[in-house]
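What follows is a single structure, and I will ask about it in a moment.
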Amino acid sequence: DLEIELTRVEPFPATRNDEVVVGIVVEAAHSRGLDLVQPERPFSFSEDFGHFGSICPSALIGLGAGLDTPDLHHPRYDFPDELLPFGVGLVEAAIRGLLERYGN
């Protein structure tokens with residue numbers, strides 16, 4: 001006569017990308033000569049990033065590590081350090097774009 005009740009609790013809010021910020025990131029990527037890939041479906045991970053969007057306009061981006069690299073949360077995933085200059089350059093260009101749009 002054992003009974004059980006389960007309640008699913010999602011501790012992380014949904015991530016919602018701001019259209020203006022996405023546009024700025026796209027412009028930043030183009031200015032850096034980076035290829036853009038729009039996923040066919042949303043990322044299955046966002047973790048706590050949704051909290052950022054609840055306090056300011058934001059956009060979740062991913063740096064592609066190639067098809068032969070394990071997925072981000074796979075136990076064998078090892079961040080390819082050679083992506084750092086691309087990521088830093090993209091973030092720098094996006095910040096400059098945000099400052100141009102919203103002022104410093």
Practice problem: Give, for atom CD of E27 and atom CZ of R101, the distance between the pair rounded to the nearest 0.5 Å. | Solution: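 One finds 8.5 Å between CD of E27 and CZ of R101.
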
Quiz item: Cluster question for you: counting only ILVMFWY and a side-chain heavy-atom cut-off of under 4.5 Å, with indirect links fine, are V20 and V26 together?
Solution: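 Result: no, two separate clusters.
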
Quiz item: Is there a chain of hydrophobic side chains (I, L, V, M, F, W, Y, each step under 4.5 Å between heavy atoms) that links V91 to L99?
Solution: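 V91 clusters together with L99.
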
Quiz item: With no hydrogens and no angle check, is any side-chain donor or acceptor of N17 less than 3.5 Å from a backbone partner on L60?
Solution: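 Looks like yes, one N/O pair under 3.5 Å.
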
Quiz prompt | Separation between CG of D35 and NE2 of H30, rounded to the nearest 0.5 Å | solution =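 Between atom CG of D35 and atom NE2 of H30 there are 9.5 Å.
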
Quiz item: Does a side-chain heavy-atom distance below 4.5 Å link S58 with V21?
Solution: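 No; the side chains remain at least 4.5 Å from each other.
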
Practice problem: Output the distance between atom OH (Y77) and atom OG1 (T69), rounded to the nearest 0.5 Å. | Solution: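 Answer for the OH-OG1 pair, Y77 versus T69, is 7.0 Å.
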
Quiz item: Any idea which heavy atoms bring F12 and D48 closest together, and the distance?
Solution: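 The answer is CD2-CA, 3.7 Å.
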
Quiz item: Taking all non-hydrogen atoms of both residues, which atom of H51 and which atom of P11 are closest, and how far apart?
Solution: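 Closest heavy-atom pair between H51 and P11: NE2-O, 3.9 Å.
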
Exercise. Measure the shortest side-chain to side-chain distance between I24 and E100 over non-hydrogen atoms and say whether it is less than 4.5 angstrom.
Key: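 When only atoms from C-beta onward are counted, E100 and I24 do not touch, as no gap falls below 4.5 Å.
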
Exercise. Looking only at non-hydrogen atoms, find the nearest pair between S31 and A93 and report the distance.
Key: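 Nearest heavy atoms, S31 then A93: OG-CB, 4.0 Å.
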
Quiz item: Going by an N to O cut-off under 4.0 Å, is there a salt bridge joining E92 and R96?
Solution: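 Answer for the salt bridge query: yes.
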
Practice problem: State the CG-CD1 distance between L90 and I61, to the nearest 0.5 angstrom. | Solution: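 Reported value, rounded in 0.5 Å steps: 4.5 Å.
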
Quiz item: Any side-chain heavy atom of L72 sitting closer than 4.5 Å to one from F79?
Solution: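 They are not in side-chain contact.
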
Quiz item: Any chain of hydrophobic side-chain contacts (each under 4.5 Å) joining I95 to V22?
Solution: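 Shared cluster, no.
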
